[in-house]
Amino acid sequence: MLNIIKAELFKLKHSKILLFTMLCAFVAPFLTFFEFYSYKMTNSALTISFEEIFNQTLLFDLGLFSIMLFLLIVSYLFLSEFRNNTLKLVLAVPVSKNKFILSKIAVFLLWVILIAILTFVGDLIFGVMASAYGFSLNLALSHLFNLIIGSFCLYLAIMPFVFVILVAKNIIPISICAFLLAVINILIYNMEYAIYSPWLAPALLISGEYVNYSGNVLISVGIILAVAIIGIVLSLFYFNKKDISF
């Protein structure tokens, strides 16, 4: 399976979407920076700390933007095989369908970690541009850790959509899902049990906002894990039972 992952990474090195998603990683930090300056326009004495920037980015990133970005990434990883008619060629060599799916999921994880690291870099850049105060190495490393763990939790919550992609073989259903999830997260953000939404919980848990909600953290984490397991099992079962068609 390691050879498949290496092959996938080699293909990505020559793809434009990798650069596009790397640039998109700076959107959440930019939104935080833009929000700060929109307030500063009416209050020139307003200042902001790095801790405030980090916390706000976590909500923007994990609660809204990364959902759409991660769905775009995972869609590309699978749909490119159908679109380029390369799936039959890949499976013609001694590669099991399980290893194929799991290698794609592994590459998706590496991609997610890369996005988290670049988001962290964006926070540092825009924090300096905003003349933020209160920077410390411990604070920065803690934020990087939170971004990676939060992104991993959201990555797990995205797993059911691998099944949707395999069934639909089309970007349109995933695009609709991405839009709906982002809107739903906005709508339920202030609801009492929002922490139980696997696609909003990562943002609430990692940012510390969960203390404002009625809900059990362990149950929330359990829901995320259950969603991930169900998504992976369904994907493996369907891909093994279904004939490959284009």
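The analysis underlying the following values was restricted to heavy atoms, covering all of them including side chains, and did not include hydrogens, waters or symmetry mates. The residues of the chain are indexed from 1 along the displayed sequence.
- In terms of modelled atom types and a separation under 3.5 Å, the side chain of Ser214 and the main chain of Glu192 share no donor-acceptor contact.
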- Can you list the steps and then say if Ser197 with Ile188 is a side-chain contact (heavy atoms from CB on, under 4.5 Å)? CA-CA 9 Å; Ser197 167; Ile188 69 172; 3.7 Å; yes
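- Between the side chain of Thr21 and the backbone N or O of Ile17 there is at least one donor-acceptor pair closer than 3.5 Å.
- When atom types are taken as modelled, the side chain of Ser49 and the backbone of Glu52 share a donor-acceptor pair closer than 3.5 angstrom.
- Remark: Tyr155 engages Phe108, Phe152 in a ring pair (Phe, Tyr, Trp, His ring centres under 6.0 Å) (not counting sequence neighbours).
- Here the closest non-hydrogen pair linking Cys153 and Ile224 is O-CG2, 3.6 Å.
- Between the Thr57 side chain and the Phe54 main chain, no donor and acceptor come within less than 3.5 Å of each other.
- Qualifying side-chain contact (heavy atoms from CB on, under 4.5 Å) partners for Phe179, counting only residues two or more places apart in sequence or in other chains: Val183.
- Between atom CG of residue Leu109 and atom CD1 of residue Ile105 there is a gap of 10.0 Å, rounded to the nearest 0.5 Å.
- Under the ring pair (Phe, Tyr, Trp, His ring centres under 6.0 Å) criterion, Tyr37 pairs with Phe33, not counting sequence neighbours.
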- Task: Test side-chain contact (heavy atoms from CB on, under 4.5 Å) on Asn43 and Tyr39 and set out the steps.
- Result: CA-CA 6 Å; Asn43 182 5; Tyr39 287 119; over 6 Å; no
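- Ring geometry for Phe50 against Phe135 counts as perpendicular: the plane angle is over 60°, on a 0 to 90° scale with 30° as the lower cut.
- Between Ser96 atom OG and Asn240 atom CG the span is 7.5 Å, to the nearest 0.5 Å.
- Remark: Ile230 pairs with Leu234 by the side-chain contact (heavy atoms from CB on, under 4.5 Å) rule, at least two apart or across chains.
- Judged by distance alone, the side chains of Thr32 and Gln56 never bring a donor and an acceptor atom under 3.5 Å apart.
- Put simply, the side chain of Tyr210 never gets that close to the backbone of Asn216: no donor and acceptor are under 3.5 Å apart.
- A distance of 8.0 Å separates CZ of Phe78 from CZ of Phe239, quoted to the nearest 0.5 Å.
- Side-chain N or O atoms of Thr119 include one that pairs as donor or acceptor with a backbone N or O of Ala25 at under 3.5 Å.
- Crowding of Leu187 atom CG: a count of heavy atoms from other residues, nucleotides or ligands under 6.0 Å exceeding 12.
- Looking only at distances, a side-chain donor or acceptor of Ser38 sits under 3.5 Å from a matching main-chain atom of Glu35.
- Side-chain atoms of Tyr213 come within 3.5 Å of backbone N or O of Tyr189 as a donor-acceptor pair.
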- Task: Mind running ring-ring contact (aromatic ring centres under 6.0 Å, His included) on Phe65 and Phe60 for me, showing each step along the way?
- Result: CA-CA 6 Å; Phe65 189 71; Phe60 274 139; over 10 Å; no
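- Under the side-chain contact (heavy atoms from CB on, under 4.5 Å) criterion, Phe20 pairs with Cys24, Leu72, not counting sequence neighbours.
- With Ser103 contributing its side chain and Phe100 its backbone, the two residues share a donor-acceptor pair below 3.5 Å.
- Of all the heavy atoms in Ile53 and Ala132, the pair that sits closest is CD1-CB, 3.7 Å.
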Can you give the donor-acceptor pairs under 3.5 Å from side chains of residues 199-208 to other protein atoms, not counting sequence neighbours?
| unit_1 | atom_1 | unit_2 | atom_2 | d |
| --- | --- | --- | --- | --- |
| Trp199 | NE1 | Ala157 | O | 2.8 |
| Ser207 | OG | Ala203 | O | 2.6 |
| Ser207 | OG | Glu209 | N | 3.4 |

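- Using a distance-only test at 3.5 Å, with no hydrogens or angles considered, a donor-acceptor pair links the side chain of Ser15 to the main chain of Leu12.
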